[in-house]
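Here the structure comes first, spelled out in structure tokens, and everything after it is commentary.
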Amino acid sequence: QGLIDFYCQVLGARVERTVKDLGLAQLRAGSALIDIVDVHGKLGRTGGPASTGQGNNLDHFCLQIEAIDESSLLDYLRECGVQAGEFAERYGAQGMGRSLYITDTEGNSVELRVVQR
């Protein structure tokens, strides 16, 4: 539940659907859908053991965010206890843009990227 709370309470996602017999929760974050899989559930057990800080199989994933005052967002994230880097100009799927990296409660790296208009 901690990971679901993080994405919903801190990043504003919402639970769209749960499939309890699979151990799956699907969170809506704008136009993105984040699948949270319980490693002890039916679906999670088929993937093998949980990732560790030294054995992750995902570098990061990216969520687009609306333009926001960067220092206000950094203050908010830090108040929530979120490990956050600094905003920088980075290359991504839509070319160059402003983004920062955060770490969720399970140690996953998430890029928050400002939508280019």
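Side-chain atoms are counted along with the backbone in the values below, which use heavy atoms only and exclude waters and symmetry mates. Predicted model, so just to flag it, every value in this text is computed and none were measured.
Atom CD of Gln83 has 12 or fewer neighbouring heavy atoms from other residues, nucleotides or ligands inside a 6.0 Å radius.
The side-chain contact (heavy atoms from CB on, under 4.5 Å) with Ser72 is formed by just one residue from the set Asp75, Asp69, Leu74; it is Asp69. Shown are Glu111, Gln64, Arg113; of these, the side chain to side chain donor-acceptor pair (under 3.5 Å) with Ser99 is made only by Glu111.
Within the 4.5 Å cutoff, the side chain of Leu24 has heavy atoms near those of the Asp35 side chain. Residues His60 and Tyr101 are in side-chain contact: their nearest non-hydrogen atoms beyond the backbone lie under 4.5 Å apart. Under the 4.5 Å side-chain criterion, counting only non-hydrogen atoms from C-beta, Leu11 is in contact with Ile102. Looking at Arg90 and Met96, their side chains never come closer than 4.5 Å, going by heavy atoms from C-beta outward. Residues Val115 and Ile65 fail the side-chain proximity criterion, which asks for heavy atoms closer than 4.5 Å. With contacts defined as side-chain heavy-atom distances shorter than 4.5 Å, the pair Leu27/Leu33 does not qualify.
Leu3 and Leu22 are members of different hydrophobic clusters when ILVMFWY side chains are connected at heavy-atom separations under 4.5 Å. Hydrophobic clustering places Tyr76 together with Val114 (ILVMFWY residues linked when any side-chain heavy atoms are closer than 4.5 Å, directly or through intermediates). Taken together through direct or relayed side-chain contacts under 4.5 Å among Ile, Leu, Val, Met, Phe, Trp and Tyr, Leu100 and Tyr7 form part of one hydrophobic cluster. Cluster membership for Leu43 and Val19, using ILVMFWY side-chain heavy atoms within less than 4.5 angstrom, is shared.
Taking CG of Asn108 as the start and CD1 of Ile34 as the end, the distance is 10.5 Å to the nearest 0.5 Å. Between atom CZ of residue Phe6 and atom CD1 of residue Ile36 there is a gap of 10.0 Å, rounded to the nearest 0.5 Å. To the nearest 0.5 Å, atoms CD (Gln26) and CD (Glu16) are separated by 7.0 Å. Summarising the geometry, atom CG belonging to Leu112 is positioned 6.0 Å from atom CG belonging to Leu63; distances are rounded to the nearest 0.5 Å. With rounding to the nearest 0.5 angstrom, the SG atom of Cys8 is 12.5 Å from the CZ atom of Arg28. In this structure, Asp38 CG and His40 NE2 are separated by 6.0 Å, a value rounded to the nearest 0.5 Å.
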Mind running side-chain contact (heavy atoms from CB on, under 4.5 Å) on Val10 and Val82 for me, showing each step along the way?
CA-CA 9 Å; Val10 175; Val82 176; 3.9 Å; yes

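Contact between Ala25 and Ile4 at its shortest, heavy atoms only, is CB-CD1, 3.6 Å.
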